[in-house]
Amino acid sequence: MRREIPLLITGIAGVVFVIQYFIPHFPFNRLSNWFSDWFSIVSACAIWLGALNLIKISVEKIAYKRHDWGYSIIVVGCFLLMLFFGFIHWQDSREPGLPFIWMYDYVYTPLSATMFAILAFFVGSASYRAFRARNLEATLLLLAAFFVMLGRVPVGDVLTGFLPEQFQLSQVAAWIMNFPNSAGQRAIIIGIALGIVSASLRIILGIERSHLGGE
Amino acid sequence: MSPVFAQSAAVTDTAQIIAEIAAPPSEFIPPAPQNVIVSDNPNDDGHAILIRWDSVATDQAGLVDRYEIWRAAASNGTAGEFTNLGDVAMGTYVFRDGQANEGQSYYYKVYAVNDSAANGSPVWALTAESEIAGPGTPVAQWFDMQRINVFVGVLLLCAFIIFYIMQARSGKTLFIRKIAGLEAVDEAVGRATEMGRKIYFIPGSQDMDQVQTIAGITILGRVAEMAAQYETKLDVPVSRSLVMVTAREVVKEAYAKAGRPDSFQEDQVHYLTDDQFGYAAAIDGMVVREKPATIFMMGLFYAESLILAETGNSVGAIQIAGTGEPSQLPFFVAACDYTLIGEELFAASAYLSREPRQLGSLKGQDVGKGLILVAIIIGILLETFEIWDFSSLFTVIQ
């Protein structure tokens, strides 16, 4: 029963979701919203599991002074601090000027933005490796990247201004993006769509059940 | 802009303009909309009515600026009080009333409006009213006919998959092409064992309602089983608590299946944060400090993909990644040793298990892909030579 009931729920929910796409009539037109609400409720309850797990692991690390336990002090400290500021003003904690929202706006948001900003440097280092002309494919990639990047900045057209318009770098970049790139992307997207259908069907039919914790 | 206003615009005194056009001549009264037809909006959940009327040549000549649509609920077979629903610009002869209640009947009127303004203020609006049309009653349909092509496609694909599953079950050997990234899973786990370092499995940053996350979790089961057999430590940091619960169950089961249930520790699968970049930062820190030998990234990733993959690359870990997010694939290709591209992620579980029924579903999927390829070629030929609008077969109205 431990496996059959989840399989039954998965199968019924899967079939219902397929049906609701084709039937606009009540109750099928509401099912998506209802399931979405249930998912939100379950997720909201489950987040406590996650938070408690994080605290448990971090506290154990500190208690037994395991490797790099100092970082766990920061994790627990930040967690408790935000929790404290969130709870002292309860529902009003998001009002401007209060400590919780101040921490969110002036600590959390800049840290998050910094993490995203350093992506540019990661792109640089990854590009360096990816664009080395080791073989024919990598050379083609390098050439495409060269034309696209130069074509996307004003200097590209300045450099090729003497050429007819269709051979200027911005036009070449647009052609690469609109034709070879789009064709490749579409092939991948068609494959992904078919893969999703196939995987979903396996799950609905109960053929694929390893996500339930077993064969 | 009406001819009167355009003519008067040359006069500089605004007060004079308004005085001149405040009482526009009767020849600027627009014609009333004719043949207003009210009908149920097809293929919907019964909350919309379509109102159509005849096109009017005069609106192009400046006599009509817009059409206003008014509605009244029907009561005892007569129209109640009319209220304004909104308007459409000239040249449009259909309005979709999406605010109707299923089963309630409504009457409609359409006003042709010729209005003008000076200095941003309305000066006059000449209107002509259609006859009352209706009643129309919205009805919910039992099948969305605009999606019939999707329905046929899904049926066909399911038929292929089920057919090949049955073939596989009857003992027929199915050929499945090699996927390099999946062939390398054994090698990647073995490398971690030899080096005595950890394996990291990152199941993406999204929740269990994503098929890609489920696909990632199914691969986790195979990796965990191998890790248990080789007695290699497996660490699964997750960003969603529901994923944590599911992944923990999968890993626990895999250890039991490998005959090493005692080696499983619940904290192998642990929660970090729901925040996208917080998750990436936390994993980066762990990777830099612990220097794992192998990193698997399987699931749905967004901008954190390259941050994770580059950090793993910098510590020299062998990395196998897979996602169905086309915009993130180039990052994984650039920074990882092996990448499962698109459908390979969804094929992984079947491929690794070699279970006949699962392999049958893979074969059916490939046949579906072949069918789409044939359709593309036929479409190119028919559309290039303008024989038939083949692409209309594949149009899906959202």
Side-chain angles (χ1 to χ4, degrees), chain A residues 18 21-26 29 36 39 42-43 46-51 53-54 56-57 60 67-68 71 75 108 111-116 118-119 122-123 125-127 129-130 185 187-203 205 207-208 210-215, chain B residues 43-45 140-144 147 151 154 157-158 161 165 207 209 211 214-215 217-218 221 241-242 244-246 249-250 252-253 267 270-272 275 277-278 280-281 285 289 303 306-307 310 324 326 329 331 333-335 341-343 345-347 349 357-358 361-362 364-365 368-369 372:
Chain A
V18 172
Y21 181 77
F22 298 105
I23 300 180
H25 202 285
F26 182 85
N29 59 338
S36 178
F39 186 83
V42 174
S43 297
I47 197 130
W48 280 104
L49 291 176
N53 176 253
L54 181 73
K56 180 185 163 234
I57 289 174
E60 276 180 8
H67 188 57
D68 293 328
Y71 294 106
V75 171
Y108 168 83
L111 282 174
S112 204
T114 305
M115 201 65 201
F116 186 67
I118 60 171
L119 189 59
F122 286 120
V123 169
S125 62
S127 305
R129 274 195 314 280
Q185 289 258 347
I188 291 172
I189 289 168
I190 289 170
I192 290 168
L194 288 171
I196 288 176
V197 173
S198 177
S200 304
L201 198 63
R202 283 203 301 268
I203 292 165
L205 296 177
I207 296 168
E208 173 68 78
S210 48
H211 63 286
L212 297 173
E215 295 303 302
Chain B
N43 305 309
D44 71 355
D45 60 352
Q141 271 75 45
W142 280 102
F143 191 86
D144 186 347
R147 292 175 173 173
F151 185 67
V154 168
L157 190 58
C158 291
I161 291 170
I165 287 173
D207 220 328
D209 56 342
V211 186
I214 297 175
I217 294 290
T218 57
S241 39
L242 279 181
M244 182 187 81
V245 178
T246 316
E249 204 59 26
V250 167
K252 188 178 178 183
E253 191 75 26
D267 293 341
H270 55 98
Y271 174 82
L272 290 174
D275 178 66
F277 292 113
R289 289 193 296 274
L306 187 62
I307 299 175
E310 269 300 284
L329 280 170
F331 295 140
V333 171
I341 295 174
E343 87 268 22
L345 171 69
F346 304 103
S349 172
R357 289 186 308 167
Q358 295 218 33
S361 73
L362 269 191
Q365 176 187 326
K369 211 191 296 180
I372 289 175

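Here is the naming used below: chain letters follow the sequence lines, and residue numbers restart at 1 for every chain.
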Problem - Expected output: side-chain Arg147(B) to main-chain Tyr21(A) donor-acceptor under 3.5 Å - result: yes
Fill in the blank from the handout: Interface check, chain A: of Asp275(B), Val245(B), Ile372(B), most non-hydrogen pairs under 4.5 Å belong to Asp275(B)
Exercise for the section: Mind listing the closest non-hydrogen atom pair of Glu310(B) and Ser125(A) along with its distance? Expected result: OE1-OG, 2.5 Å
Exercise for the section: Counting only heavy atoms closer than 4.5 Å, note whether Ile307(B) contacts chain A via side chain, backbone, both or neither. Expected result: both
Handout entry: Max heavy-atom pair count under 4.5 Å with chain B, selected residue of Trp48(A), Tyr71(A), Phe39(A)
Key = Phe39(A)
Fill in the blank from the handout: Nearest heavy-atom contact between Met115(A) and Ile118(A) is O-CG1, 3.1 Å
Practice task
Check each atom of Asp44(B) against the heavy atoms of chain A and say whether the ones under 4.5 Å are side chain, backbone, both or neither.
Solution key: backbone
Practice task
Against chain A, label Ile165(B) side chain, backbone, both or neither, depending on which of its atoms sit under 4.5 Å from a heavy atom there.
Solution key: side chain
Practice task
For Ala46(A) and Leu242(B), work out which heavy atoms get closest and say how close.
Solution key: CB-CD2, 3.7 Å
Fill in the blank from the handout: With chain B, the option among Ser127(A), Gly50(A), Gly195(A), Pro24(A) that has the most non-hydrogen atom pairs under 4.5 Å is Pro24(A)
Handout entry: Proximal component of Leu54(A), with respect to chain B [non-hydrogen, under 4.5 Å]
Key = both
Problem - Whether Trp142(B) and His25(A) hold their rings parallel, tilted or perpendicular, with breakpoints at 30° and 60° - result: parallel
Exercise for the section: Using modelled atom types only, decide if a donor and an acceptor are shared between the side chain of Ser112(A) and the backbone of Tyr108(A) within a distance under 3.5 Å. Expected result: no
Handout entry: Under 4.5 Å from a heavy atom of chain B, the part of Ala199(A) involved
Key = side chain
Handout entry: Val75(A) versus chain B, the contacting section by heavy-atom distance below 4.5 Å
Key = neither
Fill in the blank from the handout: Looking only at Asn43(B), Asp207(B), Ile341(B), most heavy-atom pairs under 4.5 Å shared with chain A are made by Asp207(B)
Completion exercise
If one checks every heavy atom of Leu194(A) against chain B at 4.5 Å, the contacting part turns out to be both
Exercise for the section: Taking the side chain as every heavy atom from C-beta outward, state whether Ser361(B) and Ile207(A) have any pair of such atoms under 4.5 Å apart. Expected result: no
Exercise for the section: Please flag which part of Ile47(A) lies under 4.5 Å from any non-hydrogen atom of chain B: side chain, backbone, both or neither. Expected result: both
Fill in the blank from the handout: Looking only at Ala215(B), Cys158(B), Ala347(B), most heavy-atom pairs under 4.5 Å shared with chain A are made by Cys158(B)
Handout entry: Per-residue contact mode, Phe22(A) against chain B (heavy atom under 4.5 angstrom)
Key = both
Handout entry: Region of Ala303(B) in contact with chain A, defined by heavy-atom distances below 4.5 Å
Key = both
Fill in the blank from the handout: Of all heavy-atom pairs linking Gly364(B) and Leu157(B), the shortest is O-CD1, 4.0 Å
Practice task
Please determine, among Asp68(A), Ile189(A), Val18(A), the option with the most heavy-atom pairs under 4.5 Å with chain B.
Solution key: Asp68(A)
Exercise for the section: Give, as side chain, backbone, both or neither, the part of Ala51(A) having an atom under 4.5 angstrom from any heavy atom of chain B. Expected result: backbone
Practice task
Kindly indicate whether the side chain of Val197(A), heavy atoms from C-beta on, has any atom under 4.5 Å from the side chain of Gln365(B).
Solution key: no
Handout entry: All salt bridge (Lys or Arg N to Asp or Glu O under 4.0 Å) counterparts of Lys369(B), not counting sequence neighbours
Key = Glu343(B)
Practice task
Kindly indicate whether the side chain of Asn53(A), heavy atoms from C-beta on, has any atom under 4.5 Å from the side chain of Leu49(A).
Solution key: no
